[in-house]
Amino acid sequence: QVQLVESGGGSVQAGGSLRISCGITGFIYSRSAVTWFRQAPGKEREGVASIYTGDGSTYYIDSVRGRFTFDRDNAKQAWYLQMNNLKPDDSGMYYCAARSGLRTAGPGLLLSPSLYRYWGQGTQVTVSS
C-alpha cells in the first residue's frame, strides 16, 4: 500500500525559510514522478515542483524558481522541499503526490494535479508579512 506523509510545515515571517518533507512507502520509483502541490483557501491546487525519476529532471513553477529546491534522500525514501525567501503568497496547504509508470513527462504534465493517484494529507505553510 502506497503511503505519503508530509511534515515540517509551520509559520514564518516573509523572507524566512522552511523545509518540508514527504516520506513515501510502498511506492515503485521507476519512471515515476513526485510533485509538491499547494493550495490556498479559495484557490485551485497548483503544482510547485516536480521530479521525474525517468531522467532525473526537476521542474519548478516560475514564482518559486531560485527560491525553492526539491531534492530526495533515496536511503530514507524522503523527498524535501527547501523553501527560502518565503513570501505571503507562498502560504497554503502543501501536498506531495506520486505517480508511477510514466514513459515520458514534461512540466505541463507533471505539474497537473489530475496526473496523480497517490496523495499525502498535507502540511500547512503560513508566511506572514
Side-chain angles (χ1 to χ4, degrees):
Q1 182 178 359
V2 178
Q3 290 188 319
L4 290 76
V5 179
E6 300 96 335
S7 61
S11 298
V12 296
Q13 290 189 329
S17 297
L18 279 175
R19 188 176 81 156
I20 57 178
S21 305
C22 177
I24 304 178
T25 57
F27 185 67
I28 298 174
Y29 288 105
S30 175
R31 294 186 306 179
S32 65
V34 178
T35 298
W36 284 100
F37 290 86
R38 67 186 179 190
Q39 188 168 21
K43 294 187 177 181
E44 293 186 353
R45 190 170 298 189
E46 68 171 347
V48 175
S50 181
I51 292 177
Y52 175 52
T53 66
D55 60 10
S57 297
T58 305
Y59 302 99
Y60 300 92
I61 55 172
D62 289 344
S63 61
V64 308
R65 189 175 294 111
R67 300 188 296 120
F68 289 14
T69 303
F70 186 17
D71 57 24
R72 64 188 291 191
D73 183 326
N74 291 332
K76 296 181 178 179
Q77 298 185 66
W79 303 74
Y80 303 102
L81 187 66
Q82 176 68 42
M83 304 182 291
N84 297 327
N85 190 21
L86 283 160
K87 303 176 181 181
D89 283 349
D90 294 319
S91 297
M93 187 69 79
Y94 281 69
Y95 302 90
C96 67
R99 165 72 186 267
S100 61
L102 297 172
R103 294 185 178 183
T104 185
L109 179 65
L110 295 177
L111 296 174
S112 172
S114 62
L115 178 69
Y116 294 87
R117 177 178 180 183
Y118 303 108
W119 292 84
Q121 82 289 348
T123 186
Q124 179 69 38
V125 172
T126 303
V127 185
S128 58
S129 59

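Heads up: numbering here begins at 1 and tracks the sequence.
- In this structure, Y29 and R72 have side chains that are in contact, with non-hydrogen atoms separated by less than 4.5 Å.
- Judged by distance alone, the side chains of S7 and T123 never bring a donor and an acceptor atom under 3.5 Å apart.
- Heavy atoms only, all atoms of each residue included: Y116 and L110 are closest at OH-O, 2.5 Å.
- Contact record, V34 with F70: O-CE2, 3.2 Å, taken as the closest heavy-atom pair.
- With a 4.5 Å cut-off on side-chain heavy atoms, L102 and L115 count as touching.
- Here CG of L18 is found 9.5 Å from OG1 of T126. Values are rounded to the nearest 0.5 Å.
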### Message
Under the criterion side chain to side chain contact (heavy atoms under 4.5 Å, CB included), I'd like the reasoning laid out for L81 against T69: C-alpha separation, chi angles, the key distance, then a yes or no.
### Response
CA-CA 6 Å; L81 187 66; T69 303; over 6 Å; no
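- The shortest heavy-atom contact between A33 and S50 is CB-OG, 4.4 Å.
- The closest side-chain heavy-atom distance from V125 to S91 is not below 4.5 Å.
- Taking CZ from R45 and OG from S114, the interatomic distance works out to 12.0 Å, rounded to the nearest 0.5 Å.
- Contact check for I20 versus M83: side-chain heavy atoms found under the 4.5 Å cut-off.
- If you take OH on Y94 and CD on E6, they are separated by 12.5 Å, rounding to the nearest 0.5 Å.
- Residues Q82 and S17 share a closest heavy-atom pair of NE2-CB, 4.0 Å.
- Linking ILVMFWY side-chain heavy atoms closer than 4.5 Å, directly or via other members, places L109 and I61 in two distinct hydrophobic clusters.
- Contact of the F27 side chain with the Q77 side chain is not registered, since no non-hydrogen atoms from C-beta on lie closer than 4.5 Å.
- Using a 4.5 Å heavy-atom cutoff, the side chains of P113 and F37 are in contact.
- Cation-pi check for R31 over Y52 is not met; the charged atom does not lie both under 6.0 angstrom from the ring centroid and within 45 degrees of its normal.
- Taken together through direct or relayed side-chain contacts under 4.5 Å among Ile, Leu, Val, Met, Phe, Trp and Tyr, V48 and V5 form parts of separate hydrophobic clusters.
- Cluster membership for V64 and V12, using ILVMFWY side-chain heavy atoms within less than 4.5 angstrom, is shared.
- When hydrophobic clusters are built by joining Ile, Leu, Val, Met, Phe, Trp and Tyr residues whose side-chain heavy atoms come closer than 4.5 Å, directly or via intermediates, I51 is not grouped with Y80.
- For the pair Q13 (side chain) and S129 (backbone), a donor-acceptor distance under 3.5 Å is absent.
- At a threshold of 4.5 Å between non-hydrogen side-chain atoms, the residues E44 and Q39 do not count as touching.
- Shown here for S100 and S32, the closest heavy-atom pair between the two residues is CA-CB, 3.7 Å.
- You'll find the side chain of L4 stays beyond 4.5 Å of the side chain of W119, heavy atoms only.
- Cation-pi geometry between R38 and Y95 is not satisfied (NZ or CZ under 6.0 Å from the ring centre, within 45° of the ring normal).
- Aromatic ring centroids of W36 and F68 lie 6.0 Å or more apart.
- The nearest pair of heavy atoms linking N85 to R67 is O-NH1, 2.9 Å.
- Remark: D62 engages R65 in a salt bridge, criterion side-chain N to carboxylate O under 4.0 Å.
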